[in-house]
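Have a look at the structure below before the remarks.
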Amino acid sequence: MNILELRNLHVTVMNKPILNGVDLSLKAGELHALMGPNGSGKSTLANVLAGRPECRVTAGQMLYRERDLWPISPEERAREGIFLGFQNPVEIPGVSNLRLLKEAYNAQRRHHRQPELDAVAFRAHLRDRTAQLGLPEEWLLRPVNAGFSGGEKKRNELLQLMLLEPRLAILDEIDSGLDIDALTLVAEGINALRSTERSMLLITHYPRLLDQVPPDRVHVLMGGRVMLSGGMELARKLEQQGYGWLEEMVT
Amino acid sequence: MNAFLEGCQKQFSEQSAHLPGWNALPIRNSRQEAMQRGAQIGLPTPQLETWKYTPTRTLAQSRPRFHTEGCVGLDLEDLEPLLLDRREGHRLVFINGLLSRSLSRWQDLPAGVRVDSMANLARQAPSLLEPCLDRFLTGNDQGFAEINHALWLDGAFVQISPGVCLSKPLQLLFVTTAFQEPIVTLPWNLVLAGNDTQAMVIESYASLGRSSHFTNAYTTLMLNAGARLEHLLMLTETTAAQHVGTVQAIQQARSHLDSRIFSVGGALTRQDVQIMLAGEGSRCLQEGVFLAGGRQHMDFHTWLHHLRSDTRSEQLFKGILDGQAHGVFNGVVRVPQGVKQIRASQKTANLLLSDTAEIDAKPQLEIHSDAVQCNHGASVGTLDPDALFYLHSRGLDLETARRVLVHGFAAELLQRVQPAAVREWVAQRLNLEGSAP
């Protein structure tokens with residue numbers, strides 16, 4: 001079964017067309033990479049899947065596990081297993097990571113009619129995950145992303161991902177702003193989460209992440225459409241030659 | 001003249017002989033003078049600059065009902081959530097304005113701390129009150145305060161002898177119960193913090209039942225040299241109640257005052273804070289957060305007077321408004337000519353949760369000296385849509401997401417409350433649990 005299927009998806013942001021007919025499908029357990037020059041619509045694609053209200057679907061379809069996503073609220077999408085790792089996660093002063101994680105986790109549990117975890121059980125449940133990411137215990141008491149470096153914010157996104165265990169994870173430039181060590185840590189985290197149950201869409205500019213997290217498929221988004229799809233060799237070619245040759249191919 | 005003031009005068013002329021301290025001449029004089037001034041200036045109206053936004057009309061038109069009997073049969077279970085520490089906490093509990101000895105608990109206070117009911121003290125040791133009687137605020141906007149000075153029936157008296165440190169917070173709890181007709185309570189509280197003392201006093205107002213009542217409170221805080229006092233004011237009366245109050249603090253040399261206000265109660269809440277930094281080296285921190293919804297009106301006016309050189313004040317006040325609520329913050333920092341080495345910082349930030357909520361936030365710096373480091377800022381905003389979307393994308397519905405963000409906004413002020421037990425209790429009383437881990 002396709003976890004995600006996009007058919008001729010057209011999306012506008014503030015009446016400006018950004019996606020102009022995206023076709024893409026992702027099977028259970030697959031990890032795909034989405035590449036493309038700046039402004040090609042990668043983040044819009046991530047946002048429309050998560051349900052950002054500014055993104056309007058004007059034509060086409062987006063199906064998540066064969067269900068039309070468009071009428072479903074962002075919070076329900078999240079509880080149904082869609083996770084967006086933000087390129088620039090917001091800072092929320094005064095709200096601790098622990099609070100956010102607990103609210104998110106229990107919202108999901110309630111949705112699936114499972115009992116909520118109490119504070120103690122939840123902390124224990126979290127401990128393994130923070131350890132895996134090399135995060136100190138006090139990390140949980142820090143306000144969400146407030147004053148975090150770029151790398152810390154990305155690790156925080158990954159922590160949420162590890163806790164929520166989504167079926168579909170869309171990671172928007174999870175590798176940007178990371179040094180080599182942090183990148184390895186993030187790559188290990190992503191690899192640990194790969195399973196036959198989970199699909200991932202990795203939006204990236206650089207193949208260096210893909211070297212550590214080998215994708216099943218690489219897509220190139222240009223002008224709001226998937227121009228080309230291939231394997232890892234496509235990512236390498238883009239690294240060496242940029243996107244110019246593709247533009248020529250299009251015109 | 002309006003019904004309220006008339007009623008107060010009638011009460012005064014008929015009942016004065018029963019007012020605490022009537023037999024002590026200075027107290028009697030103080031009461032009489034206050035009643036005269038009150039009758040002269042009347043209750044404040046929006047014509048006064050400092051009462052411009054406060055809708056006192058309905059209050060002024062109502063006939064006051066004074067409650068002079070002892071307390072009704074309540075026990076501690078009834079008060080449970082209102083008590084900071086039911087088992088071991090020190091507290092004075094006032095029911096309908098009068099001290100309840102059975103609900104209070106102060107037997108094991110450290111030596112050198114004297115607490116009592118003001119009514120009792122005015123009868124037995126009036127000389128202790130006398131030095132404070134001529135320190136009351138005056139002015140044509142003090143109508144409600146004058147009525148309190150004329151007619152107060154009870155309140156908390158706290159005296160801390162020099163050098164004494166109160167290790168546990170002392171709670172002053174004022175509870176008004178439901179009556180057929182709304183009653184008026186007029187507490188006067190007096191805290192005398194001796195030289196080099198340390199204490200935390202939590203003054204909290206609450207209602208049992210949902211019926212309307214009017215509290216007109218006045219609290220005097222005297223900080224002698226080197227005293228450190230934390231004063232926490234909790235306004236949690238029902239949204240049918242009216243509350244007008246003044247906290248007046250007079251600080252001597254090197255004293256430190258932390259004044260904190262947390263407010264969620266009242267159909268109408270009007271709280272004034274007047275802090276006189278009257279001794280060199282004195283410092284004050286003034287903070288507040290209020291949450292208003294429905295048709296609540298919450299109104300906070302603070303004055304920080306830097307009367308001596310080398311004094312510092314720091315202020316942060318936050319408002320959170322929903323529904324058709326109206327909030328007012330007016331913060332005056334006053335630095336007269338001739339004083340030096342002054343540092344003052346004032347900030348107010350406000351969060352509007354609906355299109356129909358309103359805030360009038362006015363920082364007001366009156367600086368007549370050059371030797372001043374002063375900064376101020378005022379902001380009004382709404383919930384950040386990016387933050388809302390972020391929380392939605394983590395599965396939180398709108399109501400939860402809003403609550404989380406509101407808590408985050410208030411957390412800055414809540415987190416500074418120490419110890420943790422007090423912080424948690426405050427959060428719970430404000431319905432802000434979880435905002436300060």
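A, B, ... follow the sequence lines: proteins, then strands. Residue 1 opens every chain. Everything quoted here is computed from the prediction, not taken from an experiment. Heavy-atom basis, side chains included; hydrogens, waters and symmetry copies ignored.
Note that CZ of B:Arg403 and CZ of A:Arg99 are 6.5 Å apart. Values are rounded to the nearest 0.5 Å. For the atom pair CG (B:Leu396) and CZ (A:Arg79), the distance works out to 7.5 Å, reported to the nearest 0.5 Å. Note that CZ of B:Arg394 is 8.5 Å distant from CG of A:Leu161, once rounded to the nearest 0.5 Å. Atom CD of residue A:Glu91 and atom CG of residue B:Asp386 lie 12.0 Å apart, to the nearest 0.5 angstrom.
Within a 6.0 Å radius of CZ in A:Arg142, more than 12 heavy atoms belonging to other residues, nucleotides or ligands are found. At most 12 non-hydrogen atoms from other residues, nucleotides or ligands lie less than 6.0 angstrom from CD of B:Glu88. By the neighbour-count criterion of 12 heavy atoms within 6.0 Å, atom CG of A:Asp118 is densely surrounded, having more than that number from other residues, nucleotides or ligands. Other residues, nucleotides and ligands contribute over 12 non-hydrogen atoms within 6.0 Å of the CZ atom of A:Arg123. Residue B:Arg295 places its CZ atom among 12 or fewer non-hydrogen atoms of other residues, nucleotides or ligands, all under 6.0 Å distant. No more than 12 heavy atoms of other residues, nucleotides or ligands lie within 6.0 Å of NE2 in B:His376, so this atom counts as exposed by the packing criterion. The number of heavy atoms from other shown groups lying within 6.0 Å of CZ (A:Arg194) is above 12.
Across all their heavy atoms, A:Ala107 and B:Gly395 have their closest contact at CB-O, 3.4 Å.
With a threshold of 4.5 angstrom between heavy atoms, A:Pro143 does not approach chain B through any atom at all. Proximity to chain A (any heavy atom under 4.5 Å) is shown, for B:Ser393, by both the backbone and the side chain.
Comparing A:Gln108, A:Gln160, A:Arg77, A:Lys102 by how many heavy-atom pairs each has under 4.5 Å with chain B, the most go to A:Gln160. Per-residue heavy-atom pair counts under 4.5 Å with chain A were compared for B:Leu405, B:Val404, B:Leu391, B:Leu398, and the maximum is reached by B:Val404.
Between A:Asn145 and B:Tyr390, some side-chain heavy-atom pair lies under the 4.5 Å cut-off.
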